[in-house]
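Sequence lines set the chain letters: A, B, ... in the order given, protein chains first and strands last, and positions in each chain run from 1.
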2 protein chains.
Amino acid sequence: MSQSRAGIDLETSLGYLLKETSSALRTAMETVLRPLGMTITHYSCLELLAQRPGLSSSELARGTFVTRQSMNVLLQALERDGLVTRPEQPAAGRVLPTELTAAGRAQRAAASAAVREVELRMTSGLDAAEQAQLGQLLSRCGAALREPGPESPQP
Amino acid sequence: MSQSRAGIDLETSLGYLLKETSSALRTAMETVLRPLGMTITHYSCLELLAQRPGLSSSELARGTFVTRQSMNVLLQALERDGLVTRPEQPAAGRVLPTELTAAGRAQRAAASAAVREVELRMTSGLDAAEQAQLGQLLSRCGAALREPGPESPQP
DNA sequence: GAAGATATGTCAGACTACTGACATGAGTCA
DNA sequence: TGACTCATGTCAGTAGTCTGACATATCTTC
């Protein structure tokens with residue numbers, strides 16, 4: 001039999017292709033964000049706050065696909081650099097709603113324009129229908145992955 | 001005007017969706033690889049070596065989307081643990097062709113089966129035509145990203 | 001009201017991957 | 001032959017993210 005009968009064929013694996021494509025996107029984004037002094041998570045955090053002001057640290061972590069511990073470290077740096085503000089006392093529960101400062105909005109605007117160029121280049125070869133289809137297929141793959149896997153069958 | 005006129009709309013951004021989906025895949029793979037004592041890069045390296053024996057450290061790095069420095073550190077650990085072997089002297093140039101040991105092949109086989117389950121779950125909701133289309137679209141996006149971006153126009 | 005489950009914010013330590021730098025070997029070209 | 005360019009392997013230091021752990025606040029549930 002072939003050498004990878006029960007395994008993964010890298011030539012045709014959608015998982016490998018997905019990783020390859022997202023790696024290319026990550027590299028392209030790092031290339032344009034580095035001159036602005038920002039990492040991808042740094043930018044993602046500002047972008048999320050621009051579109052949904054008042055998000056908590058944990059919500060930002062989920063939206064940027066890192067742990068809340070990592071987001072906490074990042075937010076401390078962003079606060080120190082005057083890009084975001086958080087109240088000293090929680091308004092309700094333990095949640096500290098975060099807001100962009102003027103400097104944060106300015107930095108986000110510059111980065112957002114640069115990232116938009118990257119995304120446009122990525123999708124430049126796809127027409128509107130193909131872009132919609134790609135979004136559809138990716139969404140369905142993501143939803144399938146988030147479903148509970150083959151766990152312990154018995155309750 | 002709207003708050004993100006010249007930027008990215010996270011609700012419809014293909015870049016964000018791509019990151020979200022690959023993050024879900026990464027999490028799912030880590031979940032099944034952790035009980036085996038392997039990271040994703042660790043597994044990817046063994047999988048690559050199983051399908052293309054004799055790859056060099058730099059080639060493995062490119063195939064797993066990390067730097068050759070990171071791959072070097074990993075290979076030293078894999079060699080110490082008896083999963084791969086490298087000749088002490090380069091056969092030609094500086095290249096050290098890497099091979100799996102029996103233990104490495106065994107570990108790769110176990111991991112490959114687990115990862116295959118994850119990939120099957122990811123694509124379980126897609127028929128053959130949709131899977132082919134997804135591969136097509138991802139490939140074209142990746143190719144567009146790897147093209148040289150808007151650099152200095154003059155030579 | 002008390003007990004448990006869940007979610008959040010935070011601190012500390014460890015790990016992974018990265019950038020920067022250097023030496024070495026191979027190929028190119030004048 | 002010699003200079004130049006490029007790719008590889010490696011070492012050292014740094015940065016970003018992770019896991020583990022704890023305290024606190026809210027919401028159920030009895």
Side-chain angles (χ1 to χ4, degrees), chain A residues 19 22-24 26-31 33-46 48-49 54-81 84-99 155, chain B residues 19 22-24 26-31 33-46 48 54-81 84-99:
Chain A
K19 185 175 176 180
S22 73
S23 172
R26 177 173 54 83
T27 299
M29 286 181 64
E30 284 171 347
T31 300
L33 289 176
R34 179 181 309 281
L36 301 174
M38 309 170 70
T39 66
I40 293 182
T41 306
H42 176 140
Y43 156 71
S44 301
C45 180
L46 297 189
L48 216 46
L49 280 176
L55 285 187
S56 71
S57 178
S58 289
E59 291 169 322
L60 286 168
R62 282 190 291 268
T64 56
F65 313 109
V66 297
T67 62
R68 66 184 195 277
Q69 292 93 327
S70 299
M71 181 52 62
N72 195 37
V73 173
L74 174 61
L75 279 182
Q76 286 175 0
L78 295 181
E79 197 169 13
R80 168 176 51 76
D81 295 344
V84 306
T85 55
R86 285 192 292 179
E88 295 184 359
Q89 294 296 330
R94 303 200 65 194
V95 175
L96 294 175
T98 311
E99 305 269 355
Chain B
K19 185 174 176 181
S22 73
S23 172
R26 177 172 55 82
T27 299
M29 286 180 64
E30 285 172 347
T31 299
L33 289 176
R34 179 181 310 280
L36 301 173
M38 309 170 69
T39 66
I40 293 182
T41 307
H42 176 141
Y43 156 72
S44 301
C45 179
L46 297 188
L48 215 46
L55 284 188
S56 71
S57 177
S58 288
E59 291 169 322
L60 287 169
R62 282 190 292 269
T64 56
F65 314 108
V66 297
T67 62
R68 64 183 195 277
Q69 293 92 327
S70 298
M71 181 52 63
N72 195 37
V73 173
L74 174 60
L75 280 182
Q76 287 174 0
L78 295 181
E79 197 169 13
R80 168 176 52 76
D81 295 344
V84 306
T85 55
R86 285 191 293 178
E88 294 185 359
Q89 294 295 330
R94 305 198 65 194
V95 174
L96 294 174
T98 313
E99 305 270 354

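- Protein atom CD1 of B:I40 is 18 Å distant from nucleotide atom P of C:dC15, rounded to whole Å.
- Between D:dT19 and B:R34, a contact under 4.0 Å exists linking OP1 or OP2 to a side-chain N or O.
- Using a 4.0 Å cut-off, some side-chain N or O of B:T67 falls inside it from OP1 or OP2 of C:dC18.
- Backbone-only engagement by A:L96 is indicated by non-hydrogen atom pairs under 4.0 Å involving sugar-phosphate atoms exclusively.
- Contact between the side-chain N/O atoms of B:R68 and the OP1/OP2 oxygens of C:dG20 is not found at any separation under 4.0 Å.
- If you check every strand for non-hydrogen atoms under 4.0 Å, B:S58 touches sugar and phosphate atoms only.
- A:E30 places its CD atom 13 Å from the C1' atom of D:dT17, with the value rounded to the nearest Å.
- Note: CG (B:L75) to P (D:dC11) measures 13 Å, nearest angstrom.
- Atoms CG (A:N72) and C1' (C:dA12) sit 12 Å apart, rounded to a whole Å.
- Side-chain atoms of A:R94 stay outside donor-acceptor range of the base of C:dA7, with no qualifying N/O pair under 3.5 Å.
- In the interface, the side chain of B:Q69 is not paired with the base of D:dG9 through any donor and acceptor atom under 3.5 Å apart.
- Taking atom CG of residue A:L74 and atom C1' of nucleotide D:dC18, one finds them 15 Å apart after rounding to whole Å.
- Rounding to whole angstrom units, CG of residue B:L55 and P of D:dG9 are separated by 11 Å.
- Between B:S22 atom OG and B:M29 atom CE the span is 11.5 Å, to the nearest 0.5 Å.
- Of the two residues contacting DNA chain D, namely B:Q76 and A:T41, the nearest-nucleotide position lying further toward the 5' end is that of B:Q76.
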